[in-house]
Amino acid sequence: MELTTIVFYVFAAITLIAGAIVVFSRSIVYSAFALLFAFFGVAGLYVLLMADFLAVTQLMIYVGAILVLLIFGVMLTTRVIDVQMRTGTIHVLPALLIVAALAGVLVHVLVSTDWKVLPELFTPEETAPQIGTALLTTYVLPFEVASVILLVALIGAAMIARRERKV
Amino acid sequence: MEELLQSIIGESWILYVLLAAPPLVFILVYALVTVWTEMKVSAHMQDRLAYMYTGPHGILQPVADILKLLQKEDTVPAAADKPLFIMAPYLVFIGTYAGFAALPFSSAYIGSDINLGAFYIIAVSSIVVVGLLMAGWASNNKWSIFGAMRSAAQIVSYEIPTALALLVAVMITGSLNLQDVIRFQEGGILNWVVFGGPLPVVQKLLLLPFTVTAFLIMFIAGVAEVNRTPFDLPEAESELVQGYNTEYSGMKFAIFYLAEYANMYLVSGVAACLFLGGWSSPFGDFMSGPLWGVFWIVAKGYFFVFLQIWIRWTLPRLRVDQLMYTSWKVLIPFLFVCLFGVGLILVL
């Protein structure tokens, strides 16, 4: 077997096993930490798809920011306040319906996509400059709108945090 | 080096193992040297002698320390979360070691010559944060949790000044690949980014205040990211015993220490690559070449490691609020001015 193929299966296995732990683990802390490996595996898959910028951004944002925030939240609520946070199964029927619908959509995409192997694809030598150029020319409006919304969210968060401290 | 090895053994997994191994060898040797340096520097600064018995001037003491750590019983506290407790130190080391993949060691050797090198190092070191949080939580100990929390908050806040300072250098050099960044600065000390890079003289002089500021901030943020004094609140001995690694002993403790020392070199190495010309010689063509490159980059990186040790034994610890104040209200505004200034000068 080719080395890239083995690496693909390793990353896929990491993603799937970690994902399964996230969903099935009874302890919410285990779920949170298993997310690290799931994100890491997905980043590895991005690298194999020649999307290196996306892979590094995935690590930066999901592992560096979102996951740390999540773990902070979990840690502050479980041990410090001494409330046992456990996950359980509720709403079996609606969950089953939604999962079935989602799986249907995913399988449909999987079957109907015209998959191309690597040589056919356009693989740029450097991805970052092209993403940067696209963001500041073709997609400048969505980019600016997103940044303004983020700024608003940031100011809002700071406002809420400060008000609580004064009371 | 990659082509050379490829021609000898061909495309196989052995090739990749051999390409990935040199930084590990470097880290192990470097950690031994630095343990000794740290003790000796601290001792001489305080008018003491430190180790004097094992070998001349105690030079074999780190080896003895390692032998002791290897023999120590590897205890896991009864109330700890066993799987996470065992995994945490390895995760911290993996996060650090992954950063070394994109750190050049010479014009001929870099673990992985990727285009996003600098960005990748910043991103992958966030795994360390998760490892620290894991260690703190799994220890099931108040001090460990507080240490881990402080550590994570600190690293997350100081990642922003690091990334912004990196951006200043990247704007001047026009590449995220650390090898390209260094090639841009080749040709002597005056071509280093900290002195404005190889640009026309007027532009260099205009850039100088911004690049020097960005470089200093990068170093300060680097010290904070590796949790060393004056930013060592996560391990504040007087309040938290040892912080996140309080409950660790034996080899696991040693791995935490190894990761800390490796991280010290990583931040120093990145700063040296971005601002001080990495493996390029300060005298232009004199003393340059792949092997001299190893010497220069290790010398530059190690100088900053030495500086970190020096600072550790000179300055007192900051308070938590001062720590956050420094990052958000001092370093980041300065860097925004730097970014704006550098952008303006480069466009003009």
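Since this is a predicted model, take the numbers as computed values, not measurements. Here is how names work: the chains are called A, B, and so on, in the same order as the sequence lines, proteins then strands, and each is numbered from 1.
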Val130(B) and Val68(A), any side-chain heavy atoms less than 4.5 Å apart
yes
If I compare all heavy atoms of Phe72(A) with all of Ala153(B), which pair ends up nearest, and what's the gap?
CZ-N, 3.9 Å
State, yes or no, whether a side-chain contact exists between Trp137(B) and Ile71(A) at a heavy-atom distance under 4.5 Å.
no
Under 4.5 Å heavy-atom distance to chain A, tell me which part of Val124(B) shows up: side chain, backbone, both or neither.
both
Part of Leu133(B) within contact of chain A (heavy atom distance under 4.5 Å):
both
Validation row: Leu36(A), Leu91(B) side chains within 4.5 angstrom (heavy atoms):
yes
Closest heavy-atom pair, Met87(B) versus Phe37(A), reported as atoms and distance to 0.1 Å, is SD-CZ, 3.6 Å
Between Tyr120(B) and Asp52(A), does a side-chain contact (heavy atoms from CB on, under 4.5 Å) hold up when you go through it step by step?
CA-CA 9 Å; Tyr120(B) 163 82; Asp52(A) 52 352; over 6 Å; no
Counting only heavy atoms not in Phe334(B) (residues, nucleotides, ligands), do more than 12 fall under 6.0 Å from its CZ?
no
Check each atom of Tyr62(A) against the heavy atoms of chain B and say whether the ones under 4.5 Å are side chain, backbone, both or neither.
neither
Quick one, Thr57(A) and Phe119(B) - any side-chain contact, counting heavy atoms below 4.5 Å?
yes
Closest non-hydrogen atoms of Ser126(B) and Leu59(A), given as atom of the first, atom of the second and distance, are OG-O, 3.8 Å
The interface call for Phe39(A) against chain B, heavy-atom contacts under 4.5 Å, is neither
Between atom CD1 of Ile127(B) and atom CZ of Phe40(A), what is the distance when rounded to the nearest 0.5 Å?
5.5 Å
Residue part contacting chain A, namely of Ile114(B), when any heavy atom lies under 4.5 Å
neither
